[in-house]
Amino acid sequence: MGSFQTPIGMRSSTLLETSCGFLLQELQIIWDEVGEDKFEREKVLLDLEQECLEVYRRKVDRANISRARLHQELAEAEAEFTHLLLSLGERSLPGRPEKRAGSLKEQLDSITPALQEMRLRKEERLNQFRAVQGQIQKISAEIAGNSDNEPSTIVVNENDLSLKRLEEYQNELQRLYNEKNERLQQVEKYIDMIHSLSTILGKDSSAIIMEVHPSLNDLCGITKNIGDTILDKLNITVESLFEEKKNRLDKLHHLGKALSNLWNLMDTPYSERHPFSHVIHLLSLSSAEVTDPGSLTLEIVQQTEAEVKRLDQLKASKMKELFQKKQEELELICKKSHVEIPSREEMNNIIHLINSGEIDHSDLLLSMDEQISRAKEEASSRKSIMEKVEKWMLARDEERWLEEYSRDENRYSVSRGAHKNLRRAERARIMVSRIPALVDMLIKMTRSWEEERNKVFLYDQVPLMAILEEYNLLRREKEEDMKRQQPWEKKRIQSQVVELDNTYTSRPTTSSRRLPSRSLNGALDSSVIMNRRLSMGIQQLPSNSINSGNQGLSNIKDGSNALRKKIFGDLAFTSHMR
């Protein structure tokens with residue numbers, strides 16, 4: 001019994017008394033009643049002791065296994081916690097005990113809440129990564145133009161869930177958002193330009209946009225494709241529309257100019273011009289300035305082409321009339337500028353060519369326009385000189401009148417209108433006194449004009465320099481004659497003044513005698529000098545015709561005689577002063 005009590009004694013005394021001891025006592029009673037021998041009793045007690053050891057051994061093994069499991073769980077919890085800290089990019093978790101103390105279960109219980117919190121943080125961080133990477137994948141597919149494809153599975157690297165990595169993904173997502181917005185704005189800009197250009201050109205913008213890609217039409221209700229291919233197509237479409245706009249505007253500019261020229265040539269009434277007024281308005285606009293809807297439709301271009309074709313046909317039938325108008329315009333410019341007028345024979349030959357159809361209408365009108373342009377340019381260059389010449393002509397008229405008035409013996413008589421003649425004579429003397437300076441200025445201006453253009457300045461086919469020099473020569477001769485006749489003339493005037501004073505109050509008024517307007521200051525011998533000077537000017541005369549024709553000698557001689565009569569008077573009379 002003693003050997004049996006040794007392991008039993010390891011338990012508490014209360015347990016022995018209440019359990020094992022009671023059972024042993026009951027077993028002793030049974031054995032006493034049965035009469036069991038001592039050897040059998042020792043054997044039973046040995047078996048009981050052996051069975052108790054087996055039970056204790058199993059309990060100890062189980063306890064060891066449980067302790068090992070707790071150590072493993074604690075180690076795994078620590079490792080997981082450390083891994084979560086590293087993957088989440090955090091150094092520590094607030095509230096977690098830094099030093100382990102107490103039993104294994106207490107240590108495990110102390111780390112479990114922190115581990116649970118880290119697991120929740122990891123799951124939350126994973127969801128953030130999945131959301132950001134999902135948006136990145138979606139927007140990248142839209143930018144690549146593959147938005148219709150099924151999205152692939154999102155794989156998140158759980159070993160790097162740090163806030164730094166998440167921020168990198170968010171920055172990438174923001175960059176993609178910005179690029180997407182820029183592409184959407186660019187697409188909208190292209191679509192607006194297509195709408196605007198289509199409205200100007202009279203095209204269907206919806207059909208053009210659908211041809212680029214159906215997703216660009218808002219009515220389709222699908223995500224717009226903003227890939228590089230679509231942007232390239234939109235850019236090509238817009239450039240083609242701009243090119244078509246420019247081509248149509250250039251064509252309308254050409255047609256509008258032709259239309260305007262034809263209207264001006266044929267004096268087209270306003271009622272026929274009004275339907276094409278918008279085409280003329282486009283002449284002053286560039287391609288960027290044309291924004292009115294329907295201003296460059298194909299129908300307008302076709303209508304304008306048809307109108308130009310119609311007017312061309314009408315112009316062909318009216319070419320003779322148009323040519324004559326151009327000829328009259330050219331002759332009027334030449335007449336005003338006192339330059340050579342194209343010969344009638346040449347014009348008649350051109351009209352004959354028009355009737356026979358041997359000359360191109362456009363070339364003819366272009367040639368006439370060039371001649372008119374040259375004539376206007378010539379008239380413009382001669383304008384200042386011609387104004388001085390006109391002043392000189394007026395002064396010469398007054399000079400001739402003053403000479404004839406001075407030769408009138410009754411100019412101081414009391415008659416009707418005599419006071420008017422006196423006042424006119426005073427004004428005429430002032431104008432005549434300015435003639436020498438005016439002639440000198442004309443000579444300088446004419447010489448400068450001839451040197452600049454390397455040709456002779458002709459006035460009604462007569463060299464102006466020869467006329468001015470001849471006038472100066474005659475004027476000097478006249479002044480010499482006046483100096484010789486001055487004493488006699490002074491006596492004659494004094495006698496007339498005395499006679500006028502005596503008869504002014506008593507003599508009735510009579511009408512003054514009208515005097516001829518021809519100058520008598522020229523002499524027959526002076527005509528020889530002028531003809532010699534004109535001959536020398538004619539020999540040196542280059543081509544000065546507007547229509548590039550050669551001047552005939554007979555025409556120049558006829559013109560010089562007529563002009564000489566106009567300026568110097570009729571040379572059939574001898575000089576009164578001489």
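Along the sequence shown, the residues carry numbers beginning at 1. Quick note: numbers below take in every heavy atom, side chains included, and nothing from hydrogens, waters or symmetry partners. Here the structure is a predicted model, which is why all the values come from computation and not from measurement.
No donor-acceptor pair under 3.5 Å is formed between the side chain of S140 and the backbone N or O of Q137. Using modelled atom types, no side-chain atom of S380 and backbone atom of E377 make a donor-acceptor pair closer than 3.5 Å. With H253 contributing its side chain and L282 its backbone, the two residues share a donor-acceptor pair below 3.5 Å. In this structure a side-chain-to-backbone donor-acceptor pair under 3.5 Å is missing from S196 to D192. The backbone N or O of R62 sits nowhere less than 3.5 Å from a side-chain atom of S66 that would complete a donor-acceptor pair.
With contacts defined as side-chain heavy-atom distances shorter than 4.5 Å, the pair P293/I200 does not qualify. Within the 4.5 Å cutoff, side-chain heavy atoms of K245 are placed close to those of S287. Using a 4.5 Å cut-off on side-chain heavy atoms (C-beta onward), F129 and E158 make no contact. For the pair S260/I280, a side-chain contact is recorded, criterion being any heavy-atom separation below 4.5 Å from C-beta on. Residues E80 and R119 meet the side-chain proximity criterion, which asks for heavy atoms closer than 4.5 Å. Using a 4.5 Å heavy-atom threshold, the side chains of E450 and K455 count as separate.
Here R248 pairs with E244 in a salt bridge; the nearest charged N to carboxylate O distance falls below 4.0 Å. We find that E329 and K376 are joined by a salt bridge, their nearest charged nitrogen and carboxylate oxygen being less than 4.0 Å apart. One finds a salt bridge joining R175 and E179 here, because a Lys/Arg side-chain nitrogen approaches an Asp/Glu carboxylate oxygen to under 4.0 Å. A salt bridge is absent between K164 and E168; no separation between the charged side-chain nitrogens and carboxylate oxygens falls under 4.0 Å.
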What verdict does the side chain to side chain donor-acceptor pair (under 3.5 Å) test give for Q72 and E76, after you've listed the backbone C-alpha separation in whole Å, the side-chain angles of each residue and the deciding distance to 0.1 Å?
CA-CA 6 Å; Q72 184 179 359; E76 290 177 354; 3.1 Å; yes
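A side-chain donor from one of Q174 and N178 sits under 3.5 Å from a side-chain acceptor of the other. Donor-acceptor pairing under 3.5 Å is recorded for the side chains of S162 and D160. Y169 and Q128 share no donor-acceptor pair across their side chains, judged by distance under 3.5 Å alone. Side chains of Q303 and E299: a donor-acceptor N/O pair is present below 3.5 angstrom, by distance only.
The number of heavy-atom neighbours closer than 6.0 Å to NZ of K246, taken from other residues, nucleotides and ligands shown, is 12 or below. When the shell of 6.0 Å around CD of E40 is examined, it contains more than 12 heavy atoms from other residues, nucleotides or ligands. Other residues, nucleotides and ligands place no more than 12 heavy atoms under 6.0 Å from the NE2 atom of H254.
Between Y190 and L231, the shortest heavy-atom contact is CE1-O, 4.1 Å.
Judged by the 6.0 Å distance and 45° axis criteria, R41 is not positioned over the aromatic ring of F39.
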